[in-house]
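One structure is given here, and the rest of the page talks about it.
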Amino acid sequence: MAGMSGQRRMERRWGLLMALPAILGFVIFTAGPMVASLAFSLTDWQVGGTPAFVGLGNYTELAGDELFWTSLGATTYYTLGAVPLVLIVSFAVAMLLNQKVRGLPLWRTIFYLPTLVPAIANVVLWIWIFNPDFGLLNSLLRQAGLPTGQWVYDEAMAVPSLIVMSTWGFGNTMVIFLAGLQGVPRHLYEAVSIDGGGAWRRFWHVTLPMMTPTIFYNLVVGVVGTFQVFNQAYVMTEGGPNNATLFYVYYLFRMAFRESEMGYASALAWVLFMIIVVITFLLFRNARRWVYYEMAGAR
Amino acid sequence: MTAVRTPPRRAGRVAPTAGLRGPRRFRKALLYLALAGGAVPTLLPFVWLLRSALMQDTQMFVAPPEWIPSPFQWSNFTEALTAQPFWLYFVNTVIIAVISVVGTVLTCSVAAFSFSRLRWRGRNVAFAVLLSGVMLPYAVTLIPTFVMWQELGALDTFVPLTVPSWFAGAGGGVFNVFLLRQFFLTIPFELDEAAYIDGASPWRVFWTIVMPLSKPAIVVVTIFTFIGTWNDFLGPLLYLNDEEKYTLSLGLASFQSIYLTQWGYLMAASAAVIAPIIALFFFLQRYFIEGVTLTGIKN
């Protein structure tokens, strides 16, 4: 018994010690800043000055801030476009790759390649692709005799252009879908075939229901990530034209590090946090209606 | 069209074996056609990038666009890469990436070991709280973290970009703890028990038993931390001012803002930033796909 408790004591001591960096990291870099930014958001604070408590002043100011609503609108528009498009394209390609395809590693590599391009190199490349005079897009359209566009330089086309650009990086989502598809039990397909069901029924009654957890995962990760888009706005469009791509985090960045309004920017950060919490909550609540979990039946 | 399609189907009913082969081959052809149809727009931006990186400006501005550079303007690369000290940026990026990778792998696996194989009170609660940090948008901690480093006089050093990784990645890096923990749980616990009976310390068990058996998971964490650091833009943008300390992403963005219309240079520089990651991918392809898959199946 004495030896046992010695072992226990050792485990506890080492356990705490080994978890310490992670726990400290959480306190210093997550929980601490989280509380601090909530506190900042209740102050009027320019960099260099002293913070003055203003209560919910920043939040009421936010409600009347036109640019706040513009940025929220632009970000929502971008998310509503980019997430479904990426999901559909990556699911479709994953379906194709899940057939008996010769040279699967090669195909997979091809479709995965764009995700490897570092974010800023990606933005620089697409500035050139979108170039109205000699860019790839307009060159191809011109050659095909189709009307050309101004893309990111056109207020109405800017967000759709960035949506197209984001779709190019569908590789990560695709690989996750592909793994999910390969995990669908074969016998379910066989059962449908025995019942005389064709390809469509196999897809509708087996593939799709079995894939809903994977779709849900990609949906949540996609929405949360896309809502925090920044690089394109910073390097490519600077929020323009006419604030069409004034994405939320970019607006926040500008407030904090250009206008030095740390208090106001912190309020923006907390509103973003709340928005993401609400969206995630709604997605999860809605998930019960359409996501199939094998475990649910067992419970 | 319908008239053309019907005959083989009718023939199929008469002679099943002969008939099946026709539609099946047709379907196969359709499959590869669809894959090729997806591969072309996926690869086209890469072709456009390379073609522009190797072209003289005069040839780039002709319509219809030409695809083969003549002559091959290799000097684009040398000119672009010497116009700004990209070599220095490369070294800086590697330094930051290596320090971050080592810190993340060490502290995350130590924590994961504690959370999976050592028993101590409050362990599971601590782990759940830690993991909740993954959901936090980075914008929430951005401002207080910046203020903290400013107060500590660490601006314009690599400290804010590397030190957090020594606290189990801090923030989003906690996901690595989760990943490693999942992996550690698959290693038989009898190994630990036998070692403890022989008088080994938990550290010894971790270092000589668990770590050597966890190479695949460690490689995955290494790759994704490396890529994350390599691609990071907002971090270096916030914390680095001195051009001598720039990372590749930051250097490329500043290069882009100076050489706005020098497309040959811009594309050459972008290609040079992309190349190392693509090279890494081809060496470690298997782990890449496994890693993405692992992150996706976490739910």
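Throughout, a chain's letter reflects where its sequence line sits, starting with A, and its residues are numbered from 1.
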Atom group of [X] that falls short of 4.5 Å from chain B, counting heavy atoms:
{"X": "A:F170", "answer": "side chain"}
{"X": "A:I110", "answer": "both"}
{"X": "A:F40", "answer": "side chain"}
{"X": "A:R108", "answer": "side chain"}
{"X": "A:Y234", "answer": "side chain"}
{"X": "A:V89", "answer": "neither"}
{"X": "A:F253", "answer": "side chain"}
{"X": "A:W14", "answer": "both"}
{"X": "A:L113", "answer": "both"}
{"X": "A:F257", "answer": "side chain"}
{"X": "A:Q143", "answer": "side chain"}

Region of [X] that comes under 4.5 Å of a non-hydrogen atom in chain A:
{"X": "B:V129", "answer": "both"}
{"X": "B:F255", "answer": "neither"}
{"X": "B:R51", "answer": "side chain"}
{"X": "B:F61", "answer": "both"}
{"X": "B:L250", "answer": "neither"}
{"X": "B:L237", "answer": "side chain"}
{"X": "B:M60", "answer": "both"}

Largest heavy-atom contact set with chain A, pairs under 4.5 Å, which of [options]:
{"options": "B:P45, B:A253, B:G38, B:A39", "value": "B:P45"}
{"options": "B:A111, B:A139, B:P164", "value": "B:P164"}
{"options": "B:L43, B:L238, B:L280", "value": "B:L238"}
{"options": "B:A34, B:P202, B:A271, B:A272", "value": "B:P202"}
{"options": "B:F113, B:F115, B:F146", "value": "B:F146"}
{"options": "B:F127, B:W203, B:W230, B:F206", "value": "B:W203"}

Inset, instruction - Check the pair A:F29, B:T141 against side chain to side chain contact (heavy atoms under 4.5 Å, CB included), reporting the backbone distance first and the verdict last. - result: CA-CA 7 Å; A:F29 296 107; B:T141 54; over 6 Å; no
Legend entry - Neighbour count >12 (heavy atoms, 6.0 Å) for atom CZ, A:R142: yes
Inset, instruction - Determine whether more than 12 heavy atoms belonging to other residues, nucleotides or ligands lie under 6.0 Å from atom CZ of B:R123. - result: yes
Specify which of [options] makes the most heavy-atom pairs with chain B at under 4.5 Å.
{"options": "A:L97, A:T109, A:V224", "value": "A:T109"}
{"options": "A:V93, A:N172, A:N218", "value": "A:N172"}
{"options": "A:L17, A:L272, A:N231, A:L268", "value": "A:N231"}
{"options": "A:L136, A:L140, A:I276, A:L16", "value": "A:L136"}
{"options": "A:A31, A:P33, A:A92, A:S37", "value": "A:P33"}
{"options": "A:P105, A:A36, A:G32, A:A22", "value": "A:A22"}

From [X] [atom1] over to [Y] [atom2], what is the distance, rounded to the nearest 0.5 angstrom?
{"X": "A:M18", "Y": "B:R117", "atom1": "CE", "atom2": "CZ", "answer": "11.5 Å"}
{"X": "A:T30", "Y": "B:Y138", "atom1": "OG1", "atom2": "OH", "answer": "15.5 Å"}
{"X": "B:S114", "Y": "A:E11", "atom1": "OG", "atom2": "CD", "answer": "9.5 Å"}
{"X": "B:I143", "Y": "A:E261", "atom1": "CD1", "atom2": "CD", "answer": "10.5 Å"}
{"X": "A:R102", "Y": "B:L31", "atom1": "CZ", "atom2": "CG", "answer": "11.5 Å"}
{"X": "B:R119", "Y": "A:Q7", "atom1": "CZ", "atom2": "CD", "answer": "6.5 Å"}

Considering non-hydrogen atoms only, spot the tightest contact between [X] and [Y] and give its length.
{"X": "A:W270", "Y": "B:V140", "result": "NE1-CG1, 3.9 Å"}
{"X": "B:W120", "Y": "A:A19", "result": "CZ2-CB, 3.7 Å"}
{"X": "B:T42", "Y": "A:W168", "result": "O-NE1, 2.9 Å"}

Legend entry - By ring-ring contact (aromatic ring centres under 6.0 Å, His included) - contacts of B:W166 (at least two apart):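 If we apply the ring-ring contact (aromatic ring centres under 6.0 Å, His included) test to B:W166, skipping adjacent residues, there are no hits.
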For residues 114-134 of chain A, which side-chain N or O atoms pair as donor and acceptor with protein atoms under 3.5 Å away, sequence neighbours left out?
residue	atom	partner	partner atom	Å
A:T115	OG1	A:Y112	O	2.2
A:N122	OD1	A:W126	NE1	3.2
A:W128	NE1	B:S52	OG	2.8
A:N131	OD1	A:D133	N	2.9
A:N131	OD1	A:F134	N	2.9

Legend entry - A:K100 and B:K28, any side-chain heavy atoms less than 4.5 Å apart: yes
Legend entry - Beyond-backbone contact of A:S139 with B:W48, side-chain heavy atoms, under 4.5 angstrom: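 Counting from C-beta outward, A:S139 and B:W48 do come under 4.5 Å.
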Legend entry - Aromatic ring pairing B:Y32/A:W107, orientation class (parallel under 30°, perpendicular over 60°, tilted between):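 Taking A:W107 first and then B:Y32, their aromatic rings sit tilted (interplane angle of 30° to 60°).
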